[in-house]
Amino acid sequence: MSEKLVLIDGHSILNRAFFGIPDLTNSEGLHTNAVYGFLNIMFKILEEEQPDYLTVAFDVSEPTFRHKMFAEYKGTRKPMAAELKQQVPLMKEMLRAMGVTIVEKGGYEADDLLGTIAKRSEAAGVEVAVVSGDRDLLQLATDHIKIRIPKTKRTGTEIEDYNAKEVLEKYQVTPTEFIDVKALMGDTSDNIPGVPGIGEKTATAIIAKYGSIENAYAHVDELKPPRASTNLKEHYDMAQMSKTLATIDIDADIAYKLADAHLEQVSDLYTEEAYLLCKRLEFKNLLGRFSVEAPKNTAEEHFKKIEKAQEAEAFFASLRGKACGFYVVPQEETHDAHTEADGQMNLFGSFAMQNSGEEAGQQETAGSCHIPDFLGLAVACGEEEICYVEASEALPCRKIRELFAGSAAASYATLDLKPQLKELGMLEKKCLGTISEENLFDNTIAAYLLNPIKNEYPYEDIAKDYAGLMILSRKDLIEKLTYEKAAEKKPEEFLKCVCYMAYVAYKTREPLEKELADTGMEALFREIEMPLVFTLADMEKEGIIASGEALKEYGDKLAVRIDELERKIYEEAGEEFNINSPKQLGVILFEKLSLPNGKKTKTGYSTAADVLDRLAPDYPIVADILEYRQLTKLKSTYADGLVNYIAEDGRIHTSFNQTITATGRLSSTEPNLQNIPMRIELGRLIRKAFLPKSGFVFVDADYSQIELRVLAHLSGDEKLIEAYRNAQDIHRTTASQVFHIPFDEVTDLQRRNAKAVNFGIVYGISSFGLSQDLSITKKEAAEYIERYFETYPKIKGYLDGLVAEAKEKGYVTTMFGRRRPIPELSSSNFMQRSFGERIAMNSPIQGTAADIIKIAMNRVHDRLLAEGLKSRLILTVHDELLVETAVEEEQEVRKILAEEMHGAAQLSVMLEIDVHAGSDWYQAK
DNA sequence: TCTATTTTT
DNA sequence: CGAGCAAAAATAGAT
């Protein structure tokens, strides 16, 4: 049997895959769909053909030889989309990693290389399969050269095969004649002019009869449609030139040795390099093919459960001096807890009791009189030393904690430390025996800093990204069961799951530390984020009193007015409908009542506030709807919503998430206490339900325009810095400087405009956005921005610099080294790219402000404890800190807030704060 | 589970 | 030329 060669048209197949597969992006933001699709097509073909040789040909992106001859006809091809372009080098990297022979040569198109190699190989007695999306290749078809054209259909990829026979059947001409057909009909995408007035039908008919354009010209007067006859006569030179253009060079000057392209078997492509690259690109289902070559995960075989006290003692003793990873397996899980009866309440309730005990000896007594707080502790300190120590009556939590505390390991790594601090009883203290803030390492936070745009940081992702391990996820193992239920129903899977937590922490600590060092984020991690874990744990435990009665009363008041509005709206609409359904509302307003065109649409009419605002003055029903919306929002989300989060201790314990935002800000969930109403008076009243405990007051401090000050510092703009040095109303000063008028003569409108511009600048302004904000024309807005940049030239330079830097490096950084990758900047989509540009301008500013308040939080938190005060930091809202303050400590707390917030960073402008005290959150703000 | 809307900084 | 502002979370409705 003769040998077989598979030849792939690289760009053509990559292009086909790019358009055939929906956009895929890995977590680095690299587009990967074309590479993925290419590999799928390639593997499908290889499995079918089982060839002895494999080669991929690429074009080099300079004008090709054939086209250079007729320079006037080149250049109408559209430039390649950026998302595809960036995948070309990636594809080549992948093929190289697989050891696939790549041919490319300046001056030749892939067609020519394919043609040459195919013909030479055929001459050497080899069967050839040419894979391309391009029908031009059909001219190469013979009995031994098969052209394979993949088509992506709903049912998957189907491949059309053409030997000489199939070409003749389908196109009524031989492969060689196919060139002449193309020369007559032309091809705009290939810049082949053809003969005007001759399309596919006519061309095929002519060539089928005469065999070539030369012979057709010899019988030109006999040609069937008279139009073809005259046109060919007139444009014969064009036809000849087209033929040259359409002919694939089968004698290209290349050194190609078939032997170099040898492929013993398909699995030879599954190399380790290719495996690692597939992992990086997150081709999860391709990875299965690599099973033979995949780094074998043997750790799993050593997972072990310890139930006996003696065994546990020996195990913990073996930790001494070693690096370890651990995981405290919680009994209840805060996640989803409030949906299941009142799990969360019990959890926090037990903390309240635990911490009401005496300060001294708490470590000893905590938990001793309760059921164990945690289920067990998984610890890993080597490839074969991975144990889950299960809590039981014979081996109570207290004992496990004690042994762990005395283990004297060199370092302690874990995924998601914060909840575990609570389980270990490390609230308000930074060490537990030999475990301390200094030797703890939170892998999840490290992974977040290294790539803050991921949605989640589960252990299997961290294992894959930083240790090259492919392991089963929690979901794979125990699905949605809680740990407690899993321990009972799926003990083996449970053991794997918790041991993996510890093992992954152990295994990835070093790589994560190294990456943090390589990216300059060591200090950010050690000095800001790790201490913050302790600060936040304490704040969450503390919580804030919310009065259920006050909320109820407030909600009842809203209900009265909501009823009233509802009736009125139904009357005005002439029927009852669900006002909260944008769909139904849209139909009522814009169809039934035919109000002026429902402007914005995506999946119907927009009923957003800015649309309704414009209609409200003229239509009472719209004004009522707006009020109704406002009130139902207040009632459902705040009045009714918050009550559900009040724990047994009468307080709301929000969760502050440290690994959610792309910029470095914190987020608050269950409930979100960072969007409690403020702007509208009626909503603001909700803050009256948040109270300090008896004998305490609230002291609230917020940074004044921290982002604008950060901008002044980072840009170094003297005029803006000077404006802040004058310590006057900054928006008025801006108006005065931008409009060149004396400070005292600035009108309220001018000040308002200046304020909007100041805000807009921080968000990465566009004239469109500002025009929306101020309801002015885009042109006017553009003028404001221009004048602003004229006034503060360095700001313009700074913002442009940020975008340029982001485009070059792919990310931006804050003053403290925090990174934000911006994959959107490489998008070919205008909207996506503009979005990327705004992100580039906003992130360093928002992120630096976030860094600063985090520093301030740690300092305030630590100092309240260090000074032995009773007052506690309980809330943060981006630029604001709230301290529940013992009445007699108010002056000291004010001083601490002022000093620590002020001193959190040294900028070229002062970091000013406003401090207020009050007997509820409304008054304190 | 996704979309539209609203709330905050 | 385009189409719509930075960062979040919760709710109710629709699918």
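Chain letters run A, B, ... following the sequence lines, proteins first, then strands; residues in each count from 1.
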**OP:** Verify, without hydrogens or angle tests, whether A:Asp717 (side chain) and A:Lys794 (backbone) share a donor-acceptor contact under 3.5 angstrom.
**Re:**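 Yes: the side chain of A:Asp717 pairs with the backbone of A:Lys794.
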Given atom [atom1] of [X] and atom [atom2] of [N], what is their separation to the nearest angstrom?
| X | N | atom1 | atom2 | answer |
| --- | --- | --- | --- | --- |
| A:Leu685 | B:dT7 | CG | C1' | 15 Å |
| A:Asn675 | C:dT11 | CG | P | 10 Å |
| A:Arg665 | C:dA6 | CZ | C1' | 8 Å |
| A:Phe656 | B:dT8 | CZ | P | 18 Å |
| A:Leu642 | C:dA9 | CG | C1' | 12 Å |
| A:Asp879 | C:dA6 | CG | C1' | 14 Å |
| A:Tyr703 | B:dT9 | OH | P | 17 Å |
| A:Leu634 | C:dT11 | CG | P | 13 Å |

Regarding [X], tell me which of base, sugar-phosphate or nothing describes its non-hydrogen contacts under 4.0 Å with the strands shown.
| X | result |
| --- | --- |
| A:Ala849 | nothing |
| A:Gln630 | sugar-phosphate |
| A:Arg820 | sugar-phosphate |
| A:Leu770 | base |
| A:Ala609 | sugar-phosphate |
| A:Ser766 | base |
| A:Ser668 | sugar-phosphate |
| A:Lys635 | nothing |
| A:Phe759 | nothing |
| A:Asn578 | sugar-phosphate |
| A:Gln584 | sugar-phosphate |

Would you say [X] reaches [N]'s phosphate, i.e. side-chain N/O to OP1/OP2 under 4.0 Å?
| X | N | result |
| --- | --- | --- |
| A:Ser667 | C:dA9 | yes |
| A:Arg838 | C:dA6 | yes |
| A:Arg679 | B:dT7 | no |

Please determine if [X] forms a cation-pi arrangement with [Y], meaning its NZ or CZ atom is less than 6.0 Å from the six-membered ring centre and no more than 45° off the ring axis.
| X | Y | result |
| --- | --- | --- |
| A:Arg820 | A:Tyr811 | no |
| A:Lys778 | A:Phe768 | no |
| A:Arg838 | A:Tyr763 | no |

Subject >> Separation of the P atoms in C:dG4 and B:dT5, to the nearest angstrom >> reply: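 Those two atoms are separated by 13 Å.
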Original post:
Distance between the P atoms of B:dA4 and C:dC5, in whole angstroms?
Top reply: 13 Å
Subject >> Donor-acceptor pair between A:Glu837 and A:Ser834 side chains, under 3.5 angstrom >> reply: no
Original post:
Taking the nucleotide of DNA chain C with the closest heavy atom to each, which residue, A:Gln846 or A:Arg833, is nearer the 5' end?
Top reply: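 The answer here is A:Arg833.
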Original post:
Are A:Tyr784 and A:Tyr788 close enough that their ring centres sit under 6.0 Å apart?
Top reply: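 For A:Tyr784 and A:Tyr788, the ring centres are not under 6.0 Å apart.
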